[in-house]
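Supplied in structure tokens, the structure appears directly below.
What you see is a predicted model, and the numbers here were worked out from it, not measured in a lab.
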Amino acid sequence: MQLNNVKLIFIREMRDQLRDRRTLFLIAVLPLLLYPIMGMTFFQFSQFIQNNTAKVAIVGDEQLADLEWLPTLLEENQFAKALVADPRERQSLELTALPAAESTPQDGAPLDEEAAVRLGQRLLDEGKIQVLLHFPSNFREGLVHARAAIERRDAGAPIELPEPLIYYNSANEKSKIAEMRVERILRYWRSQISEKNLTDHNVSVEATQAFMLKPRDVAEPAARRAAVWSKILPLVVLIWALTGAFYPAVDLCAGEKERGTLETLLTRPALRREIVWGKLLTVMLFSSATALLNLGSLGLTANFVVGQLQQLPGFDEMDGLALPSLASLGWLVLALLPISALFGALCLACAAFAKSTKEGQYYLMPLRFLSMPLMLLPMSMGLELNLGSSLIPLTGLSLLLRSLLEGQYVQAMPFVVPALGVTCICCLLAIRWAEEQFNSESVLFRESERLDLLLWLRDMVRNPGATPSLAQAALAFAMIMTVQFFVTIALSAEGEALTFPFLARSILLSQVACILLPTLMMPCLLTGDRAKTLLLHRRPRMSHVATAFGLAVLVHPLSIQLNHW
């Protein structure tokens, strides 16, 4: 492979991509607009939460009257000032009465409690009120009984505590927010009632608490900030590295097929491997640039939004969302080289298989679906960097980046080689796959091919090969894993005790239904020489039989030990 040819192809592809306005918009302009728009939307939503006024209807508030020892809950058409720390949150809850025209019967008699609750629920469903607060008829009696129990010192007597009922509509965001605010106020009001009952009867409030519990966070502020962003930033880099690699790869392969320039490129005195590496370097550059621009735009937007939110009440404790240091962010830049190489090779191979730009864009969704679980797995609770997790593609690299961003260099160093080794192996396999795609004339020139799934299946059944192909073997493996998944769920749902009959039935089903039946069914449908497929066309050797029995005895304990490791 001559590096001069790779350089010439790289310069050619870069010139073509810089002329494409759509690619430049996706890489350079979209990151600069996307995150500011998202930040502005989040900022406006936070202000909406602070300033949104909700109507709260109260039924049974007469249960709170004529109790001088009871802390004040209601003041005119709002909750008491002492119960709400933020005045704006107090103003966002407007206490409203049920409509008089609807709440008063035709005969002029007052509406009973049950009818008032039904009316409030109907108004809640119609969206005229957001929360219905109901104090039952026994609420006052329950408060008095609980206070009297403290006065009598009945420590062992059972007390039936009263319960105010809060009705809200969980399908309505405004109602959900109002319910959370009302519940927070009632909890604080309940604590005031408890303190009042204790102090009026000469009982210290501190005496009701066996001990004080106040955890001390020993993490430095920089470490706390890194812990928050260490889960988000690697995910952002991975997603945009994949997105930034795919669209240039589609244009460099499927786009050239449509423009008719691929044939001209193939006639040049350059090897197919040199062409692949020239295109791969171009895709890697655009992938890295897309990830870096999105990372920078996200950092600037987050810094501005957090600074503005800290000025709002309720958001003043957001120091943990400040961005980590630039030194820790340098690890993301270093990790972009293997990430962009991996995604670039995968996207290049998929784009080479596509015969048009439209078809190439369809391949982005399966590639993203296969990659997203590996990207999201490091964000799950309890998953740490160890030897097993470091060997998972993309997941191991994300966990390694998370440890480096958090400053855990000593803990991360033993797993640098496994994580980078698996990533480099995947890169080499992906590049090899892309080279195979460019070396196949049937892949590069697929203009006249028409895909008909029904005809393809009919031809595969009517004209099977002597032995299964690699794709058919992969299909058989996928079928075995799928059947085994549903059988395992069905057996676990029975909830039967772990007895020998249950264990024997489970093993028989997993071996016969999940492995043997698909293995016998696939050769009958997809192969012509079933005996040769199952290696029954010749007598087995005694060494093969001994090996089979040895594996049956040794593999299961070995798999359990490997699983434990």
Pair Glu256 + Lys279, salt bridge at N-O below 4.0 Å: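 Salt bridge present between Glu256 and Lys279.
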
Intermediate values then yes/no, side chain to side chain contact (heavy atoms under 4.5 Å, CB included), Leu367 and Cys347: CA-CA 8 Å; Leu367 187 59; Cys347 295; 3.8 Å; yes

Validation row: Met522, Met479 side chains within 4.5 angstrom (heavy atoms):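 Yes; the side chains approach each other to less than 4.5 Å.
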
Nearest-0.5 Å distance that lies between atom OG in Ser340 and atom CG in Leu292: 9.5 Å

Pairwise distance CE(Met284) to CD1(Ile339) - rounded to 0.5 angstrom: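 Atom-to-atom, Met284:CE and Ile339:CD1 are 11.0 Å apart.
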
From OG (Ser403) to CZ (Phe415), nearest 0.5 Å: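 If we round to the nearest 0.5 Å, Ser403:OG and Phe415:CZ are 8.5 Å apart.
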
Note, Ser398 side chain near Met375 side chain (heavy atom, < 4.5 Å):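 Ser398 does not reach Met375 side chain to side chain.
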
Distance, nearest 0.5 Å, that separates CG of Leu337 from CG of Leu342: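 Between atom CG of Leu337 and atom CG of Leu342 there are 11.5 Å.
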
Check: Leu348 and Cys253 side chains under 4.5 Å, non-hydrogen atoms: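 The answer is yes, as the side chains (C-beta and beyond) meet within the 4.5 Å cut-off.
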
Stepwise side chain to side chain contact (heavy atoms under 4.5 Å, CB included) check, Gln408 with Leu385: CA-CA 11 Å; Gln408 301 176 2; Leu385 181 63; over 6 Å; no

Flag, side chain of Asn439 to backbone of Glu435, donor-acceptor distance under 3.5 Å: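 Yes, because the side chain of Asn439 sits within donor-acceptor range (under 3.5 Å) of the backbone of Glu435.
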
Within 6.0 angstrom of Glu384 CD, more than 12 heavy atoms from elsewhere: no

Derivation of the side chain to side chain contact (heavy atoms under 4.5 Å, CB included) call for Phe343 and Ser371: CA-CA 10 Å; Phe343 286 144; Ser371 304; 4.2 Å; yes

Crowding at OH, Tyr409 (>12 non-hydrogen neighbours, <6.0 Å): yes

CG-CG distance between Leu298 and Leu293, expressed to the nearest 0.5 angstrom: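 Rounded to the nearest 0.5 Å, the CG-CG separation comes to 12.5 Å.
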
Worked verdict on Arg541 versus Val545 for side chain to side chain contact (heavy atoms under 4.5 Å, CB included): CA-CA 7 Å; Arg541 298 178 182 178; Val545 177; over 6 Å; no

Pair Ser297, Asn294: side-chain N/O donor-acceptor within cut-off below 3.5 Å: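 The answer is no; no qualifying pair exists.
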
Check: Asn386 main-chain N/O paired with Ser389 side-chain donor or acceptor under 3.5 Å: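 Here the side-chain-to-backbone pair exists.
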
Atom NE2 of His556 with >12 non-hydrogen neighbours under 6.0 angstrom: no

Pairwise distance CZ(Phe246) to CZ(Phe286) - rounded to 0.5 angstrom: 16.0 Å

